[in-house]
Amino acid sequence: MSSPDFHPDSERLEARAAGELAPHEARALDAHLQVCARCRSEVEGWSLLLGELRELPDRPPAPDFAARVMARVDVERVRQGAERPPLLARLTERLGDPVFGVVRRLRPPRRLPAGIRTDGTTRQTGSPRHLTPTGIQDYLEGTLAARTRSRVDAHLATCTACSAEMGSWSGFFRQIEALPTLAPRNDFADRVMARVQVEAVAAAVARQQRSPWERASQGLARVADRLLPTSRRGWILAGGVTAAPTLGVVAVVAAVVLNPLVSFPDLFTFLRWRGVEAVGSLGRGVLAVVAENPVTFALFELFTGVAQASPLALGGAFALAVALVGTATLVVYRNLFAPSLTGETHAQPTS
Amino acid sequence: MSPSGEPVPTGVVPPTFAAAPDAGVLPLDYATLDDRDVVALACKGRETAFRELLSRYERPVFSLVVRMVRDATLAEDLAQEAFIKAFHALGSYDPSYKFSSWLFKIANNLTIDHLRKKQLDTVSIHGSSSPGRGEEDSRPHIAVPDGGETPEDYTANRELGSQIENAIGRLRPEYRTAVLLRHVEGRSYEEVAEIMEVPLGTVKTYIHRGRNELKDLLAEVAA
């Protein structure tokens, strides 16, 4: 609602000005009004108009008001029914003026058709109200609600100015909709087709429609292809980098072969011992770092507590862990693997 | 064989299109197929399908573009680019959308890009010589037919010379696109929003303001 790109219809803005919206609807609309000058201006216009209508002075009825009322009351029938005509007549005569004023005050402001506004002379009582261009266009396009449309119809039946304006807009619509469809030159299609590689399109579509595994393997192949050197200098560099460990291995093998005191089993035993020793050192180092870390210690305490907790708490913790892992997996999947969740492929070619 | 003489092979229907219509060897009447089916056939490398799409949309696309750029020759180039770009990107077309909307979107984006580029090219670094008329100065102008133009070009440019066409040409590009799509192409508000890639409320605003401006411009001319 607060987006400046969304504009509530005139009926809603009028209802806001009249204070007829529910509190939550009014709050939502107010949020929009804070950022939209156009709607704010329309609401202000409605408020002005409705305020002026409310402030219209209480006009006393004509002097013959009571007489005209009584002329339409079947006094004889009322007298026969409830013996109240004298009271009614007295009340009408005595309270005619105050009742007239009170009724005017209590009556809610008259709802105007959507898009109706006052002209510049709103201070004058009974000033003409006319349809706005927006209201007329919506009417002609048939986008008004049935109720609003019937109110506009009623207004048009009595307002010659708006009828004329409506006719003008109607003519404008006919004029613009009668614009011809223009054609390019006759060889347009041939010129396009001369530049379209039909087989390439079919191949591209087929490529996009392969299975995920095929696409993945092709992707890996493309990555591997990119990693291969593309120049002589690149090959020399790559050869140098790979030659160093290769020559090292060759040297070790040669040393073993040439030295009668060293055999291959001894070499493997030595390498395994060194390997185990290196891995063990690394593991001990990591363990020392982890064990001394306060976060790790806190987690350890937490898990210890959980392990000692009741099965119910344990189950809850497990469910929470599953939910967290599941959510994380879903997020990773959506971001990395799920193709076009928002239909973006539809828009891509236009960029 | 199809009416156009093209053999109709039996092939595998591309998985993104549920019902490509050539499961058999019966003659294929492209004119009776809907856009999605024709696109499915085009994806299988059928040139006649491409030509069918061209025959369906060359006029609407050209009409939109020529009224945007106000130059028939340039409009043909841009419309060509739009078709070629769309055809080469058919693999990424999502059949859940209308093909025509997708095509119009491509054409509109190309045209708007061109107009923006042209505006950048023509505006001096010192600004407009007449500050109040800067926008108008950068607007595309009607190409005056010269002796080298074909009769078809001349016809299109002459059409653009009418009062209402001139008035449309003076609208902001956004208003122009919205009004043309709505009233000349008969697109719904939702389709216009999809083509222009703007929210529905914005489209309504564009169309209302565009029509108001257009009516005022026509009234100015009439006066």
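Note that these values count all heavy atoms, side chains included, but never hydrogens, waters or copies made by symmetry.
Contact detail for B/Gly91 and A/Val205: the closest heavy-atom pair is CA-CG2, 3.6 Å. For the residue pair A/Phe188 and B/Ala79, the shortest heavy atom distance occurs at CZ-CB, 3.7 Å. Nearest heavy-atom pair, B/Pro60 versus A/Thr181, reported as atom, atom and distance to 0.1 Å: N-CG2, 4.1 Å. In plain terms, the two heavy atoms of A/Pro133 and B/Asn212 that are nearest each other are CB-OD1, 3.7 Å. Residues A/Met193 and B/Phe87 come closest through the heavy atom pair SD-CE1, 4.4 Å. The two atoms that bring A/Ser168 and B/Lys215 nearest to each other are OG-NZ, 2.8 Å, heavy atoms only.
B/His88 contributes no side-chain N or O that, together with a main-chain N or O of A/Ala200, makes up a donor-acceptor pair within less than 3.5 Å.
Taking the charged nitrogens against the carboxylate oxygens, A/Arg185 and B/Glu58 have no contact shorter than 4.0 Å, which rules out a salt bridge. One finds a salt bridge joining A/Glu141 and B/Arg211 here, because a Lys/Arg side-chain nitrogen approaches an Asp/Glu carboxylate oxygen to under 4.0 Å.
The structure places CG of A/Leu182 at 4.5 Å from CZ of B/Arg67, a figure rounded to the nearest 0.5 Å. To the nearest 0.5 angstrom, B/Leu54 atom CG is 11.0 Å from A/Arg191 atom CZ.
Checked against salt bridge (Lys or Arg N to Asp or Glu O under 4.0 Å), B/Arg187 has the following partners two or more places apart in sequence or in another chain: B/Glu191.
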Full working for side chain to side chain contact (heavy atoms under 4.5 Å, CB included) between B/Thr205 and A/Arg38
CA-CA 10 Å; B/Thr205 306; A/Arg38 173 187 152 196; 3.1 Å; yes

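Looking at B/Ile168, the atoms closer than 4.5 Å to chain A (heavy atoms on both sides) all sit in the side chain, from C-beta outward. Looking at B/Ala167, there are no atoms closer than 4.5 Å to chain A (heavy atoms on both sides), in backbone or side chain. Residue B/Glu81 touches chain A through its side chain alone, counting heavy-atom pairs closer than 4.5 Å.
Per-residue counts of heavy-atom pairs under 4.5 Å with chain A were compared for B/His208, B/Arg182, B/Arg209; the largest is that of B/His208. Across A/Gln137, A/Glu177, A/Gln175, the residue that shares the most heavy-atom pairs under 4.5 angstrom with chain B is A/Gln137.
By the 4.5 Å heavy-atom criterion applied to side chains, B/Phe83 and A/Val196 are not counted as neighbours. Taking 4.5 Å as the limit, every side-chain heavy atom of A/Val192 sits out of range of all side-chain heavy atoms of B/Phe50.
Counted within 6.0 Å of CZ on B/Arg59, heavy atoms from surrounding residues, nucleotides or ligands total 12 or fewer; the atom is thus considered open.
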